[in-house]
Amino acid sequence: MMFLTLVSHHLCPYVQRAAIVAREKGIAFTRVDIDLAAKPDWFLAISPTGKTPLLRVRDEEGAEHILFESAVIAEFCDEIAPGRLLPEEPLARAHHRAWVEFASGTLADIAGLYGAPDAAGYAGKVDALRSRFGRVDAAVAGPWFGGERFGLVDAAFAPVFRYLDAFEALLALDLAGGQEMLSDWRARLASRPSVQSAVAPDYAERLAEFLRRRGSHLSGLLGETVTTTVPA
Ligand SMILES: N[C@@H](CCC(=O)N[C@@H](CS)C(=O)NCC(=O)O)C(=O)O
């Protein structure tokens with residue numbers, strides 16, 4: 001039996017992917033949240049990238065292994081427990097991996113949106129994200145991304161949609177409006193227990209506070225003049 005520790009950050013969307021997949025696969029793990037603004041020495045010593053998530057795996061012999069990169073951690077969790085969240089057929093499998101990567105690119109654009117220092121940068125990211133969500137909408141099979149079964153692409157996009165919920169609630173900013181497949185899929189993901197349990201109950205307030213204090217154009221739209229930057 002392996003013992004897993006997911007080294008995490010309370011707001012990190014990449015951590016959420018790993019937590020969602022572990023829960024979907026019924027894999028027990030301990031979650032340890034760290035402060036990314038003051039990374040602990042033990043974390044820096046074992047993490048090649050200094051980023052969360054990081055998975056510490058203690059194997060049957062008591063040896064420790066370190067895994068990093070959320071997509072890799074998600075695939076590992078998929079492979080160590082019964083049932084498959086990636087299709088078996090190579091072409092479909094490659095297609096799903098590509099969309100996981102697209103979800104990562106979308107998260108990068110979202111970070112660009114809330115971090116943009118000025119209106120022009122912000123508007124550029126709004127356009128980029130609307131175009132991305134148009135692409136996603138056209139690719140969703142429904143009811144889940146790939147059809148009848150929940151999969152790794154679903155886990156990768158759930159944290160993306162959590163940001164959309166925040167932008168809509170706080171700024172009335174609609175980045176994926178009028179896209180029917182996507183909005184159906186999004187609602188289904190929001191009610192999935194694995195998705196709900198991937199963040200703390202006060203996540204929405206914590207995210208709002210982070211966005212307000214970011215010192216960016218978006219922070220200004222939230223009506224906050226605080227200029228201190230809180231690192232992700
Ligand atoms: N490609 C990485 C991205 C992870 C990532 O960017 N994590 C952020 C937090 S959400 C982080 O650790 N940032 C701290 C830093 O870059 O110093 C993955 O998929 O795991």
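Order of listing sets the numbers, starting from 1, for every ligand and every atom in it.
- Ring geometry, Phe145 versus Trp185: the interplanar angle falls from 30° to 60°, so the pair is classed tilted.
- The shortest N or O to N or O distance between Lys51 and ligand 1 is below 3.5 Å.
- Of all atoms in ligand 1, listed by their number and element, those nearer than 4.0 Å to a heavy atom of Pro53 are 20 (O).
- Short contacts between ligand 1 and Pro13, defined as distances under 4.0 Å to a heavy atom of the residue, involve ligand atoms 10 (S).
- Using a 4.0 Å cutoff on heavy atoms, His9 does not count as a contact of ligand 1.
- Taking CZ from Arg31 and CG from Leu6, the interatomic distance works out to 6.5 Å, rounded to the nearest 0.5 Å.
- Using modelled atom types, one finds a donor on one side chain and an acceptor on the other under 3.5 Å when comparing Arg17 with Ser104.
- For ligand 1, none of its N or O atoms has an N or O atom of Arg17 under 3.5 Å away.
- A distance of 11.0 Å separates CD in Glu209 from CZ in Arg206, rounded to the nearest 0.5 Å.
- Using 4.0 Å as the threshold, Ser104 has no heavy atom nearer than that to any atom of ligand 1.
- Note: Tyr163 and Phe167 have parallel aromatic rings, judged against thresholds of 30 and 60 degrees for the angle between ring planes.
- Between the side chains of Ser219 and Arg214, no donor-acceptor pair is found at a separation under 3.5 Å.
- Outside the 6.0 Å centre-distance limit, the rings of Tyr14 and His9 are not counted as a close aromatic pair.
- Of all the heavy atoms of Lys39, the ones lying under 4.0 Å from any atom of ligand 1 belong exclusively to the side chain.
- At a heavy-atom distance under 4.0 Å, only side-chain atoms of Leu36, from C-beta outward, approach ligand 1.
- Counting only non-hydrogen atoms, the option in Leu11, Thr52, Leu67 that gets closest to atom 4 (C) of ligand 1 is Thr52.
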